[in-house]
Amino acid sequence: MTAHATPAVGESSERLRGLLAEFTDAESLVNAARGVRGAGIQRFDSHSPFPVHGIDGAMGIRPTVLPWLVMGAGVAGAVVALVMQWWTNVVDYPLNISGKPLFSLPANIPVTFELIILFSALAAFFGVLALNGLPRFSDPLCQSERFRRATADRFFISIDARDPAFDVARLQSLLQEFGATSVEVLPDVPADARIPPVVYLTAVVVISLALIPPLWIAMDRHSTSDTPRMHPVRDMDDQPRLQAQAATALFANGQAMRLPVPGTIAYGELRDDEHFFHGTAGDEFAATLPSQVQPVTMAFMQRGRERYNIYCAPCHGLVGDGDGIVSVRALARPDSSGWVRPLSLHSLGVREQPIGKIFNTITCGIRTMPAYNAQIAPRDRWAIVAYVLALQRSQNALLEDLPPAEREQLELRDFRN
Amino acid sequence: MTAVDNTFNIPGQRAPLVTGQADYTTITQDVCAIAEQHRPPRSWYVAFAVSLATLGVLGAAVVYLITTGIGVWGNNNPVFWGFDIVNFVFWVGIGHAGTLISAILFLFRQQWRTSINRMAEAMTIFAVICAGLFPAIHVGRVWLIYWLAPYPNWLALWPNFRSPLLWDVFAVSTYATVSALFWYLGMIPDLATLRDRAPTRVRRMAYGLFALGWTGSARAWHHYERAYLLLAALATPLVLSVHSVVSFDFAVSQIPGWHTTVFPPYFVAGAIFSGFAMVITLAVPARAYFGLKHLITPRHLENICKVILVTSLMVGYAYSIELFTAWYSQNRYESFLFLGNRPFGPYGTFYWIMVACNVVIPQLFWFKKCRTTPWIMVIVAILVNVGMWMERFVIMMSLTRDYLPSSWGLFVPTPIDIVTFIGSFGLFFTLFLLFCRYLPVVAMAEVKTILSHGHQP
């Protein structure tokens with residue numbers, strides 16, 4: 001049962017690796033571990049498929065330092081998170097969001113919390129590996145076929161031959177006393193843990209090839225070139241687009257440029273109708289009313305009279321003689337020498353003007369008369385123009401211009417006088 | 001094998017957590033046999049082929065999205081967050097049960113967790129992978145995703161650390177990292193078991209590489225147990241924080257229906273709810289299929305059903321409190337949303353599906369018959385997951401009705417939206433089937449521990 005397939009047991013312990021004892025239950029393992037420790041052995045370990053209750057005390061394992069490592073990492077996580085958030089958002093690139101404070105703990109707690117957890121968890125994981133000397137991909141114990149059951153359903157104690165109190169015969173009997181079903185003596189053969197050369201070669205080739213693209217990119221980024229940059233993925237500064245005036249199959253009419261939807265008015269094109277908005281026709285003033293206000297109705301004339309009485313009559317007078325109340329009072333003042341009298345609308349110069357000119361005068365002003373385009377809508381200005389024409393006609397009419405009925409009335413009145 | 005009914009508590013006697021003639025040898029044998037079988041049964045191949053095909057559909061949809069642009073999805077003004085964020089919250093919620101089972105139940109010494117924690121943790125990691133996919137691809141220019149990280153750059157720009165969206169980046173990436181470490185650390189002893197049983201050199205090297213040279217040394221176990229406890233203690237607040245931070249994405253904004261303080265606990269309860277439902281959905285077929293009925297016993301399933309029932313009540317409470325607050329505050333925007341638009345508006349159907357699946361149907365678990373009959377619990381669990389997806393969808397559709405009626409609109413998913421969502425299940429199940437095929441699906445070392453503590457039949 002013991003020491004099968006091993007060379008000359010009892011020779012110099014230099015050539016042994018150690019002992020491996022197998023147990024079938026956890027209780028024997030704990031007892032044996034306590035016994036081995038009692039025999040003065042320090043360099044030994046027990047192996048089980050699951051953490052055995054009470055083994056730590058039996059083997060004299062001291063509490064792990066892992067919690068302290070994890071706590072340190074947690075504190076580091078908090079510091080890193082707070083400093084990162086403060087430095088980036090307050091110092092290096094202050095972001096003003098709706099005037100809120102640049103750094104306020106409540107808003108920065110979630111990221112801080114997550115980094116505490118992340119750092120602590122990484123410390124716990126890598127800490128347990130480091131404390132256990134993992135990863136290691138070979139173990140001298142693995143030369144025993146039996147030891148394979150250490151992770152399944154058997155329990156083992158291994159004793160290192162380098163321990164000062166190591167004595168094969170004494171320990172063999174001790175372990176058997178504690179119920180070991182087998183005690184194996186492990187020779188000190190070098191573990192077959194060399195990585196095959198093929199793996200090395202493949203790794204070297206793969207790593208070298210993998211380095212080419214990043215080196216190429218790095219070289220390109222640090223050198224100048226006559227040709228434009230290459231875009232592996234298109235960025236916003238370099239997007240595919242159609243040139244103006246170009247042809248395309250995308251739209252039915254084959255043009256890349258789109259025509260405006262009927263009825264839309266482009267920016268700046270609102271006042272392109274020069275007759276209606278400016279009273280002009282080419283280089284001349286228009287001689288007719290624009291089509292928008294034709295045919296002239298009674299309501300339109302009434303509107304013109306109302307607007308005229310509001311905006312024009314104060315200076316030009318209700319009939320257009322140039323004797324409006326503003327003018328009368330201005331002339332009454334002692335310092336009236338600078339006052340320019342409003343023109344009578346019935347003066348020959350005004351009566352000979354094309355109606356577009358009258359409209360243009362209201363729109364743009366003339367001499368001391370200000371422009372009224374801001375106060376009076378274009379349509380209302382045309383209504384005023386129409387009313388002014390009516391006034392001119394009324395003040396410069398001949399007897400023959402009257403309708404026959406009116407003329408009769410007039411003649412009757414003259415006769416009476 | 002399940003002749004022993006361990007769902008009854010006999011006073012003065014511990015109910016067995018493992019039934020049948022289980023000892024160290026048979027547990028090792030039963031669990032390792034799943035990963036060691038030379039050729040898995042044909043049904044595994046069928047399931048894997050279906051999953052892989054679905055994963056391929058996901059890949060095609062993602063490539064189409066990246067090469068064409070976000071316009072292939074239905075997201076548009078005013079719903080800039082559509083299926084992408086719904087699916088993200090859905091998956092990250094499912095990913096809460098694993099770490100909860102591993103960490104919180106570990107701290108509370110709930111030893112029944114040992115049979116299901118490995119599978120649940122694997123589910124967590126795969127769900128977080130699915131979850132991470134959606135925010136990653138929704139940014140539009142995926143190749144600039146590293147802009148989310150605080151790294152020194154020539155733009156001299158840093159992330160805005162006061163934004164909940166950035167908190168989310170930190171929370172989800174930390175959660176993914178810690179869950180993966182926790183899962184892997186727990187698996188190292190079992191990987192060593194597989195390594196030591198491996199019949200071929202290739203298998204021995206593959207498992208040996210990841211077992212990191214574990215020999216079950218008592219000195220190593222000593223550090224290991226402490227590390228595991230610490231990770232559990234760290235993961236516990238982390239689980240609660242992750243879905244809280246996810247809920248901040250909404251709660252910190254001012255949209256009616258989002259701007260509520262109940263969101264963090266409500267989201268966490270919902271996450272645990274959906275996560276445990278997913279555990280049932282996966283564990284019930286897996287235990288039957290892999291012959292693990294003596295390790296994942298009716299008692300385990302019943303306990304999970306009880307957790308589902310409790311979290312269902314919490315979620316139902318949150319729903320009713322939302323309605324109450326909307327009425328009691330007399331805030332016209334909140335009232336409009338919760339009392340009018342959500343239940344009776346354009347997405348009202350989804351609201352009622354949500355209420356039925358999340359609040360009404362889980363009440364079946366008051367009956368022991370339902371808690372102990374696998375097919376009933378699987379149906380309920382699937383409906384719970386449907387309901388939880390609807391919940392996230394209903395919450396997201398608050399965007400369609402904000403303060404100004406002039407900015408109202410509707411969201412209609414495109415086929416690409418739907419295909420991407422279905423495809424994410426392909427990713428999830430492909431990973432899960434590979435896990436079942438190659439890794440120890442039950443934490444053998446931990447189950448052996450409870451055997452040695454007197455939970456034997």
Side-chain angles (χ1 to χ4, degrees), chain A residues 26 33 45-53 55-56 59 61 63-64 66-67 70 84-85 88-89 92-93 95 97 100 104 107-108 110-111 113-115 117-118 120-122 124-125 127-129 131-139 141-142 147-154 156 232-233 235, chain B residues 23-25 27-28 32 141 143 150 156-162 164 166-167 170-171 173-174 177-178 181-182 184-185 189-190 192-193 195-197 208-209 212-227 230-231 234-235 237-238 241 245 248 444-446 448-449 452-453:
Chain A
D45 206 345
S46 56
H47 303 266
S48 53
F50 58 87
V52 173
H53 188 66
I55 195 81
D56 293 355
M59 288 176 64
I61 298 174
T64 170
L66 192 65
V70 171
M84 172 179 74
Q85 294 178 77
T88 55
N89 277 181
D92 192 47
Y93 199 99
L95 277 176
I97 312 276
K100 288 170 191 155
S104 57
N108 291 289
V111 169
F113 173 81
E114 300 299 339
L115 284 194
I117 298 284
L118 183 65
S120 309
L122 290 172
F125 180 76
V128 71
L129 294 189
L131 290 171
N132 289 336
L134 301 178
R136 58 183 292 189
F137 294 105
S138 78
D139 195 306
L141 296 171
C142 292
F147 189 66
R148 287 181 161 214
R149 293 181 76 174
T151 53
D153 50 5
R154 287 291 183 273
F156 292 86
V233 286
D235 258 335
Chain B
D23 61 27
Y24 305 142
T25 312
I27 286 171
T28 311
C32 291
R141 288 188 290 159
W143 48 94
L157 271 175
W158 297 101
N160 173 17
F161 286 106
R162 285 160 289 170
L166 189 86
W167 304 344
F170 275 77
S173 54
T174 300
T177 311
V178 174
L181 288 180
F182 200 38
Y184 180 53
L185 186 70
D190 292 348
T193 308
R195 172 199 65 197
D196 290 345
R197 288 169 53 95
L209 191 65
L212 302 178
W214 181 263
T215 58
S217 144
R219 298 177 197 278
W221 274 120
H222 174 70
H223 295 302
Y224 175 92
E225 280 195 287
R226 187 47 63 98
L230 284 169
L231 275 180
L234 291 166
L238 181 65
S241 86
V245 169
F248 289 160
M444 291 179 276
E446 291 196 34
K448 289 172 194 169
T449 313
S452 76
H453 286 186

Novice: Can B/Thr28 and B/Lys448 be counted as having a side-chain donor-acceptor contact under 3.5 angstrom?
Specialist: yes
Novice: Any chance the side chains of B/His222 and A/Thr64 put a donor and an acceptor closer than 3.5 Å?
Specialist: no
Novice: Output the option from B/Thr177, B/Asp190, B/Leu230 having the highest count of non-hydrogen pairs under 4.5 Å with chain A.
Specialist: B/Leu230
Novice: Pick one of side chain, backbone, both or neither for A/Val52, based on which atoms fall under 4.5 Å of a heavy atom in chain B.
Specialist: neither
Novice: Taking atom CZ of B/Arg162 as the centre, report whether more than 12 heavy atoms of other residues, nucleotides or ligands fall under 6.0 Å from it.
Specialist: yes
Novice: Looking at chain A, which one of B/Val245, B/Leu185, B/Leu166, B/Ile27 has the largest number of heavy-atom pairs inside 4.5 Å, strictly under?
Specialist: B/Leu185
Novice: Please state whether the side chain, the backbone, both or neither of A/Phe156 comes within less than 4.5 Å of a heavy atom of chain B.
Specialist: neither
Novice: Taking the side chain from B/Thr193 and the backbone from A/Thr151, do they hold a donor-acceptor pair closer than 3.5 Å?
Specialist: yes
Novice: Is there a donor-acceptor pair under 3.5 Å between the side chain of B/Asn160 and the backbone N or O of A/Asn89?
Specialist: no
Novice: What residue, out of A/Ala150, A/Gly133, A/Pro67, has the most heavy-atom pairs lying under 4.5 Å from chain B?
Specialist: A/Pro67
Novice: Of the listed residues (A/Ala124, A/Pro49, A/Gly127), which shares the most heavy-atom pairs with chain B below a 4.5 Å separation?
Specialist: A/Pro49
Novice: Quick one, B/Thr449 and A/Pro51 - any side-chain contact, counting heavy atoms below 4.5 Å?
Specialist: yes
Novice: Closest approach of A/Leu134 and B/Gly213, non-hydrogen atoms and distance?
Specialist: CD2-O, 3.6 Å
Novice: Which bit of B/Pro237 is near chain A, if near means a heavy-atom gap under 4.5 Å: side chain, backbone, both or neither?
Specialist: both
Novice: Please determine, among A/Asn108, A/Asp56, A/Leu141, A/Leu122, the option with the most heavy-atom pairs under 4.5 Å with chain B.
Specialist: A/Asp56
Novice: Which one wins on heavy-atom pair count under 4.5 Å against chain A: B/Trp214, B/Tyr184, B/Phe161, B/Phe170?
Specialist: B/Phe161
Novice: Do you know which of B/Ser217, B/Ala445, B/Ala220 has the most heavy-atom pairs with chain A at a distance under 4.5 angstrom?
Specialist: B/Ser217
Novice: With side chains defined as the heavy atoms from C-beta onward, is the minimum distance between B/Ser241 and A/Glu114 less than 4.5 Å?
Specialist: yes
Novice: Quick one: which of B/Thr215, B/Val178, B/Leu209 has the most heavy-atom pairs under 4.5 Å with chain A, could you say?
Specialist: B/Thr215
Novice: If you count heavy-atom pairs under 4.5 Å between each of A/Leu115, A/Leu118, A/Val70 and chain B, which one has the most?
Specialist: A/Leu118
Novice: Less than 4.5 Å to any heavy atom of chain B: does that hold for the side chain of A/Leu129, its backbone, both, or neither?
Specialist: side chain
Novice: If you count heavy-atom pairs under 4.5 Å between each of A/Phe147, A/Phe125, A/Tyr93 and chain B, which one has the most?
Specialist: A/Phe125
Novice: Is A/Ser48 close to B/Trp221 at the side-chain level, that is, under 4.5 Å between some pair of heavy atoms?
Specialist: yes
Novice: Of the backbone (N, CA, C, O) and the side chain (C-beta and beyond), which part of A/Ile55 lies under 4.5 Å from a heavy atom of chain B, both, or neither?
Specialist: side chain
Novice: Can you see which heavy atom on B/Gly208 is nearest to which on B/Arg195, and at what distance?
Specialist: CA-CD, 3.6 Å
